[in-house]
Structures are given as structure tokens and as C-alpha cells.
Amino acid sequence: MDYDPGELEQKWRDRWAQTGRYEVDPDDERESTFVTVPYPYPSGGMHIGHARTYTVPDVWARYRRMCGDNVMFPIAWHVTGTPIVGAVERLKNGEEQQLSVLRDTYNVPEDELEQLETPMGFARYFIENDYKEGMRRLGLSIDWRREFTTEDDRYSKFVTWQYENLRERGLLEKGLHPVNYCTNEEQPVTTHDLLEGEDAEFQEFTLIRFEREGTVFPMATLRPETVRGVTNAYVHPDGEYVRALVDGEEWVVSAAAAAKFELQDREVEIAETFPGADLVGERVENPVTGDEVPVLPATFVDPDNATGVVMSVPAHSPDDYVALREARDRADEIEAEYGVDADAVRDIEPVPILEIDDYGEIPARDAVAAAGVASSDDPELHAVTEDLYQDEFHGGRLLEAYGEFAGEVIVDVRERFRQHHVEAGHFDTMHEFTEEVICRCGGDVEVAQQETWFLRYNDEGWREKAREAVDQLDAVPENTREQYYDTIDWLEEWPCIRNYGLGTRLPWDDEFVIEPLSDSTIYMAYYTIAPYVEDVPVEEMDRDFFDALFYGPEGEDAPEGAEVDVEDPHPTALELREEFDYWYPVDVRCSANDLIRNHLTFYLYHHAELFERENWPQGITVMGMGLLEGESMSSSKGHVVLPDEAIDKYGADTVRFFLLNSSEPWQDYDWRAEDVGATRDQLERFWNRAREVVAYDVPDDAEEHLQPVDRWLLSELQDTVRETGQALERVETRTASQEAFYRFEEQLRWYRRRTDADRPGAKWTLQTVLRTRLRLLAPFVPYMADELHEELTGEPAEDTPWPEPDPELDSPRRAVEESLIRDLHEDVRDIVEVTGEDPDVVRVYAAADWKHHVFEEVAEAGADANVGQVMGRVMQDEDLRERGDAVNDLVQELIEDARDRTEEELATLVALDETGVYERAAGFLAREFDADVEVYAEDGADVHDPADRAGQAVPFRPAVHLE
RNA sequence: GCGAGGGUGGCCGAGCCUGGCCAAAGGCGGCGGGCUUAAGACCCGCUCCUGUAGGGGUCCAUGGGUUCGAAUCCCAUCCCUCGCACCA
């Protein structure tokens, strides 16, 4: 039978489905293992990147199952939030790109498109036709009874329980939060709704409250510490400015700024509108220094950005320095046009506020001079400004005038300084984007402040629990542990609700929806009960229901500080409690490494808070990113490979094997068609060989006729079993599959070359080896392994126990012998190659007895022997003493050699009959080199040594003569 | 800038923690040979330089250092990737 994965795999899929092979229930006889992966978000189809994400946990699941565990690997569907809603919108609007993704990338048939026009219709389509199909074909060992979507009513009740709990525990907080707000649609919008500025970030500007006669001229800056260096202000003379009552105070800002303040939760009442020119010449008072500075005109001021009133710090901002230089040059014009005293302009001097190495008193002047910037139009200027800002931020120290803040480096002091002056009423705050943001509707998007509920991830008590959860976590790879700690320190409050989208409503305010990252923190617990809650009426799944389920009716398993006392526990809740108890905690969660910054850390936070310590996550394995032919995948560009197509072309085993073997789970991998094709060829080769081995007719007494080379191969097999198991324990799928497959293939290649594989002993050996390897490979290529194993033994590989190394079959002696033969073979080959001669006779001379005596002494002295020590002992022997220098040289050489060997190897070598090993290999060498092979002992009676080479022999490095 | 991870032979990629067995695994590609009517598959060899006896030289981003000995440890520099949030 030729290798036909299509047919073969279908057969096993059917069998798994019919027998419910991966459906699991609690079993007190067996240990539970619970493996999860983030539920897919079906806002589009599945591509090969997803395939790997789900195959890694599958390998682990299959491995643990063979180790005897009762393994649950469930899946569900995440539909919360706006991406699906947005995708449907774009489809309904007939957007070309969206249609192309659906039709061309994911092959949605034309007549199915209509059913995608509702969010759940859209999700269902991809769940049923795409994800589930792909997962089944990949051979994922999922318990399908446990699936659900995050739109299910019962799941919502579970989320509701969680949020009521968190609120009660004081971990939710209401507050203002910056959001993207479309000024045209007059509502908050998401990143997906944006036409431009998707990468824009919120920036927090400090407003310096310059004043004049009770009127505030707020100047926005990102460098509040430069307040003492302000020499003047700028406004755009043609810009539209207003005088307005802001939160009861009179402020002067640009008209655009006034609108923003209104969005940012300030009361704004516009009193008067006028051009910026009207402000020129006014003098405003610095709230920190009390100095008065003039307002000057400048066309580079953007009234749409921040407040439209800009403060100038020429000593430290190259931009401002150049602008000031130009203003002074134009002083007379300014006087003529705006009536500002020209001398007053010319008198403005930069005021330094900090010291920094490698710059003079006025850093901006130096930076401008060094870069040769001539005017404000110079494109260099921007870069010069950036550089100086950077240098000053990390290297600048505040001058004396800063009092308690003096001498401190900006990076350390800025926030404290800012805070100090905010409290003193000198500074204020506003938010602004880093770039222009436009909504898909064409409207301008601004930062608005909105009332929102937050998860208080910066709560010290909660943080501490989260850190403890990290302490006891098995983080794979280990170097991710630090990233979790880091994320915990860095997280602030997390806004956990949205204005719209799918999902669970905030229990106490149904205007809001709990957002996707916040509704997916502890849902793994829901898998344990999902198949059994169908019959429970939704309304009965209340607070008490879940309290009783997760915490016990008396709250016996409740976390600290929770008071649970369920009067009349729901009987189903009590039953399900056993399910939960059996399966929880989650043993391994596999997830993309970019989720450490949010989801995975949230997952730890919420478990740490809501469950007792025994139910905290046990392990997290993070996964790398996928590339396609060296470039990142993109469904919108059609640069993807669909699992379906890949499986059609190569078979699921090949797809799995490639994805798991090309890199470790946490490393990035690259799907290259050429390499996948090669993998497929290799598996086919394996299949063909295995079929031959399966077909062997092995006599019953074959095992009694094993030769040393068979013993050697069986010994190697034990190493492979050990290495593969150890690698899988560390979730190193690449190492494990390399060991079980490629590394052992190499041994087999040598074995086939070395010996006659038609011997009964060889056949027995090869079948034994195949049986073990099929088990080792079963987690990776389950279809092929099950099929071949069943043909060989009558049982699928996955139903047999994971192989244990058999000490009976370990043979250090055979390993050492075989390596000597390999070395000799290689030496002869080298000589043949270098000399370019084809020998008729190969003579091999094993070292003389006295040399072996020396070796014994060296071996006895151990790995860290030194020459003098060994010489001392060797010289006790009269026979050796007579040989003088020759012994000395040999000792040195052998000590070098011995240092590279283990004690065990040395002991094995000492006990070895070297000449005998070569004699047994003579037939093999004769075949290999098509020559007569003569083996002698250097000091043997019959030694024939025409070229006088025998003397070169060293123990375990025989002399060779070719003729 | 901050945080994390990297830079190895034509390419991919092991090795680095625990220094010596490292000219550095394996795969891919390339070259040569075998098998074959032939192609593919398969098998063998070569694939840094050099050498007609198993050897020698140079090499693991760059420059220093530690050490008897460094791809591996330390320092500095250069370069690359990812993240820096409210997007799942």
C-alpha cells in the first residue's frame, strides 16, 4: 500500500469520532490533565498559523494520554467585542477588501455570503465550516462536547458571576478614561473603525497655566520641567482662538482646543472668538517663576494640535531656538505688523534649565550648530530636536533654581515635578493623539474622556497575589517568567467595558459590554461544566449557583475574604462541583507570546483572586509567530496558507510534523513550501520502510540470535526513548521529534550498512525498534503511527503506554565498540580520499599490550589526571620504564584523549578486547572498501607490517596501512 | 528610550546555561557517483582554505578581556526582531 494520507487519515478520523475517543469524564483511577489554548476568534478563517497554535497543545495532550493521564483538551469560540461586528458591517457595505478576503482568501462560496450578514451568522459560518473542519482534519484530540461560544446565555451568567464577585471584592472602579471619539458620529469608536491613525497613541500633555489678569493661557508641553526656560509664547496669527469659560475659569485657547476640552469632561462656554493676531504682544505670567513673557506670532503653530498656544524654550528645544533666531531677525517686521516692541523681541535670550554632558550652556544652540541647521524649514531640524530631547531626558540634570528637584536627572524627576505643580495649581492636563486620526465615516476622531469601569490591576494586594501565581507557575520557556512580573508591575487600571459589541452586559449597567480580554480570564473553568449545564434554566444560574459550584455551599474552597454561604444549593451545581474539582487547575495553557502583556497575565490575576491556590494555573507555554516563505502572514493580502489546502496537498501528519519539528513552540517558524514538501517525502520514506518491517516474518527464536550490532541499535534506542521523553516534558516538540525521527534515522542508516538486515535477529531488532518509535512519534503523526502500529501489533499506538527505557537493553559496551568501528571506517576513508588510491589490502594494527597498560593507568587516574601523576605510577613498571620517552609521549596523548571521555566510557574501554572488535568488523570493512582486510595486534606473533606502521598504533586509535 | 529576544558556514537552524569530544549536529540547496531503459524516489561521497596517510590553517556580528584553552564566560560597540496597551 502506497502512502496515501488522504484515505488513511479519513479512516482514523472516522474511528475517533465514532468511538468518542477524546471525550473524557472524571476518572478517579487516573490523574487528570487539563490542556487549553485560547479559544479562536472566528472573525475570519483559520490559517496555518492557527494550525500550529492548536497542534502544540494536542501533542502535549496525546503525550500525557499515553503516559496514562486522563487528558481533557477542549475548545470554544470567542466572539466578544467588535471585530466580528465590524467584519459584518464591512461585508454589508460591500467593501471590496472584505469581500476579497472572504471570497478569495477563505473561499466562502458566493451563495453563503448572505448568511454571514449577522454577527453570529458570520461567526457560525467560520466555526462550522472552517475552524471545526480544520481542527478535525488536523487530528486534534478535542473533546467536542465541551464547545460553547461567548455569546451563549449560560456563559454570560458565568461572566456575570465573575464580575459581581470582583466588584464586591473592590477590584472594579469607576473613573474617567480616554477613548477614541468620532466627532462626526458623536460616539466612541474602535481601532477597527478607523480610516487613518490606527497606530496613534494617546499622549498626556501637561498644561502650564500661564496667566494674565486672571485669564489662563494654558500651554501644552510634554516636557513640563522646562517651565523655567520659557522665554515667550507663540500663537498662529491667522488661527481661530477663543476666550471661554472652562470649568468656571476664563481660558484663552484655540477654538479646536476648546472643543477638545469639552470632550475631555470639562465645562466649556465660549465667550468670544478672534484671530491669533489679537493675542500677539500680550504678556503672560509664568506660574512657576512669576516672570512675564511676550506672546509672539508664528505660522508654524498648529491651532488644531493641543491648545494652540505654544511655549518656547529656546535653550533646550532646537525648534524653538531656530524659531527665536528667526523672530529676532524679523523683529522690525513684527513690530510693524503687530506693534510689538522690536527691541523686546531682540532682547529675548535662551534660559537654560539643566546641565548635560557633551553640550554647552545652551544645548539647543550646540545641537543646531553641530547639525548645521540653517532655518526652520530644514528637514534635519526634526531629528536634531528628537535627539536632544532624548539626551536631555536621560542625561540632563536640573539646575539650582529647581530647589528640591535640583541636580536630578529628568527621567527620574519629571513625573514628580509635574505632580508637585499639578497639586500646586500651576499645571493641568489634556490628552491628544500622536497623529491625526480619521474615522471610516470621514469624521475627525479626538480623545474624549468617558466614564468607564476599570479592573484595578494596579491594586497592590491583587498584584501581590498575581506575583505569587507567577512564582509557582511552570513558565515555558523559563525566560518568560520575568515578563510576567514585568507586566504585573507595569499594568495600571484596565478599562473592562465597551459601549458596544458582542458579549456579556455589565451586570449593573446594561448599557455596557464587558470587553473581550476581560471576559476571557477564567473561562477554562467553564469547560469543566459546559456539556452539563444545557438543562439548567438560564435564570437559575445565579450567583449562588456558581458560588456553590466553585466554592462549595459553605465556601470551603473560597478564596480569602470571600463570604459564601449558599442556603439551598442547586443540586446540579453540587454535581458539577465534582467535575470542576476533578479537572481544575489547568495544567498547561499554550498561547502566543504576545499575549503575555495582556491576556496571560490577566489570566493569572483573575485566577489568583478568584480561586484558591490549588486551582491556580500550573503551566503556561508561549508560542512564537509564524512566517510564510519568510514573510509575515496577512489574510487581507491573501498571503496565507489554509490548513485545508495544506492537508489536501501534504496530509495532516506532514503538516503537523513540519509545524512541530521546524522549531520549538516558542520560537518563530517559517512555512516554506519547499521544506514542507521535503518533510512529506521523509515521512513517506519512513512509511515505506516501516511497511517492509511490518511485513517481516520473524521466527520465534529470533531474539536468541542477536548480534553485537543489534545490541548496539537497541542500546541507541534506549537513549532515544530517554531523550524524547525528557524533551516532551519540557514541551520541546522540535527536540523530541528530531530525536525520535531524524536522529534515529541516522542510526538506522548506519545499521543497514553495517549488517545483513535479512537475518532473523535483525528483523526482530527492526520490529522492536519500529514499535517503540511509532509510540514516540504517535503524538506528532498520530494517523501514521496508529495505522502502522496497529498493523504491527493489532493495537493503535495511542492506546499503548509511552515507552520507558529498558535498562536491560542499555549497552555502553556496544556503543563504545560501534564508535570504534565508525572511527576506523572514517580514518580509512580519509586516507583513501587524501591519497586518491583504491586499496587492495587494508591492514589494521591495534596497539600493543604495553600501550594498553598505560591506558589502564590513565583511566584509573581518572578524568582530571595530570601527566606527572600518571608517569609516576607508570614508571613503577620495569617493562614500561625501559621504554622511556615513548611512554612519556603516550601518556600525554592518552590523557588528552581520556579527558574527553566519561568514567564509564573509560572503564568500558579498559575492559574491551580491541583487536577482537576490529576482527569482527573486518567483513564489513572489506565490503565497504572492496579490499582484503587484515587485522593484527601491533605486538602479535603473526604481524605483517611491510610499511612499518604498526608502531603508530595508540589504544583505540589503530594504525592503518593501505596497499 | 524602556522591556524582551536575537546576530553561527549558500539558506534554514542546533550548539552557548554546565569553556576543551566544535570545522561546529541536522535539514534544504548545490556538485559527483551508484541504482535505473529513463525521470523521480532511494543509497553513497563531497560542499571554508589547504594537503598524494588519517594532517595543518582560518572561522561562529565587531573590538577588547578572562583562561593553559572561548562560538560558548565578562566588558564595550554595531545591527536586527517583537512589545510599550485599551486592538483581539
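Here is how names work: the chains are called A, B, and so on, in the same order as the sequence lines, proteins then strands, and each is numbered from 1.
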Interatomic distance, [X] [atom1] vs [N] [atom2] [rounded to whole Å]:
X: A:Glu928; N: B:G34; atom1: CD; atom2: P; value: 17 Å
X: A:Ile410; N: B:C2; atom1: CD1; atom2: P; value: 16 Å
X: A:Ile488; N: B:A85; atom1: CD1; atom2: P; value: 19 Å
X: A:Asp670; N: B:C28; atom1: CG; atom2: C1'; value: 12 Å
X: A:Asn598; N: B:C84; atom1: CG; atom2: C1'; value: 12 Å
X: A:Asp668; N: B:A4; atom1: CG; atom2: C1'; value: 13 Å
X: A:Glu674; N: B:G29; atom1: CD; atom2: P; value: 6 Å
X: A:Phe433; N: B:A85; atom1: CZ; atom2: P; value: 13 Å

Pairing residues for A:Arg223 by the side-chain hydrogen bond (donor to acceptor under 3.5 Å, both in side chains) criterion, not counting sequence neighbours: A:Glu392
In chain order, what residues pass the side-chain hydrogen bond (donor to acceptor under 3.5 Å, both in side chains) check against A:Thr679, with sequence neighbours excluded? none
When the [atom1] atoms of [N] and [M] are considered, how many whole Å apart are they?
N: B:U72; M: B:G19; atom1: P; value: 12 Å
N: B:G27; M: B:G13; atom1: C1'; value: 8 Å
N: B:C80; M: B:C31; atom1: C1'; value: 33 Å
N: B:G15; M: B:G29; atom1: P; value: 24 Å
N: B:C12; M: B:G63; atom1: C1'; value: 29 Å
N: B:G5; M: B:C75; atom1: P; value: 14 Å
N: B:A53; M: B:C59; atom1: C1'; value: 26 Å
N: B:G9; M: B:G69; atom1: C1'; value: 23 Å

Quick one: on RNA chain B, does A:Ser663 or A:Glu746 contact a more 5' nucleotide (nearest heavy atom)? A:Ser663
How do A:Arg597 and A:Arg685 order along RNA chain B: which one's closest nucleotide is nearer the 5' end? A:Arg685
Give [X] one of three labels, base, sugar-phosphate or nothing, depending on what nucleic acid heavy atoms sit under 4.0 Å from its own.
X: A:Asp594; answer: nothing
X: A:His177; answer: base
X: A:Pro495; answer: base
X: A:Arg481; answer: nothing

State the pairing partner of [N]; accept Watson-Crick or G-U wobble contacts with both distances under 3.5 Å, and report none otherwise.
N: B:G29; answer: B:U47
N: B:C22; answer: none
N: B:C60; answer: none
N: B:G3; answer: B:C82
N: B:C73; answer: B:G65

Salt bridge check, A:Arg730 against A:Glu732: does any charged N sit closer than 4.0 Å to a carboxylate O? yes
A:Arg829 and A:Glu928 ion-paired at < 4.0 Å: no
Counting only side-chain nitrogens and oxygens, does A:Gln667 get under 4.0 Å of the OP1 or OP2 atom of B:A14? yes
For a quick test of reading the model: is some side-chain N or O of A:Arg689 closer than 4.0 Å to OP1 or OP2 of B:C43? yes
Decide yes or no on ring-ring contact (aromatic ring centres under 6.0 Å, His included) for A:Trp750 and A:His825, but give the supporting numbers first. CA-CA 11 Å; A:Trp750 176 252; A:His825 178 260; 5.5 Å; yes
Quick one: does any side-chain atom of A:Arg656 pair with a main-chain N or O of A:Phe780 as donor and acceptor, under 3.5 Å? yes
Would you say A:Ser737's side chain and A:Arg734's backbone share a donor-acceptor pair under 3.5 angstrom? yes
Take A:Phe657 and A:Phe741, measure what ring-ring contact (aromatic ring centres under 6.0 Å, His included) needs, and give me the verdict at the end. CA-CA 10 Å; A:Phe657 199 67; A:Phe741 194 81; 5.1 Å; yes
If you check every side-chain atom of [X], which of [options] has the closest atom?
X: A:Arg734; options: B:G27, B:A14, B:A85; value: B:A14
X: A:Asp486; options: B:C84, B:G3, B:C28; value: B:G3
X: A:Thr82; options: B:G26, B:C28, B:A88; value: B:A88

For the pair A:His78 and A:Tyr41, name the ring-plane relationship: parallel under 30°, tilted 30 to 60°, perpendicular over 60°. perpendicular
Are A:Gln483 and A:Thr480 linked by a side-chain donor-acceptor pair shorter than 3.5 Å? no
Using a 4.0 Å heavy-atom cut-off to protein, can you give one letter per nucleotide of nucleotides 45-55 of chain B, 5' to 3': B if the base is in contact, S if only the sugar-phosphate is, - if neither? SS----BBBBS
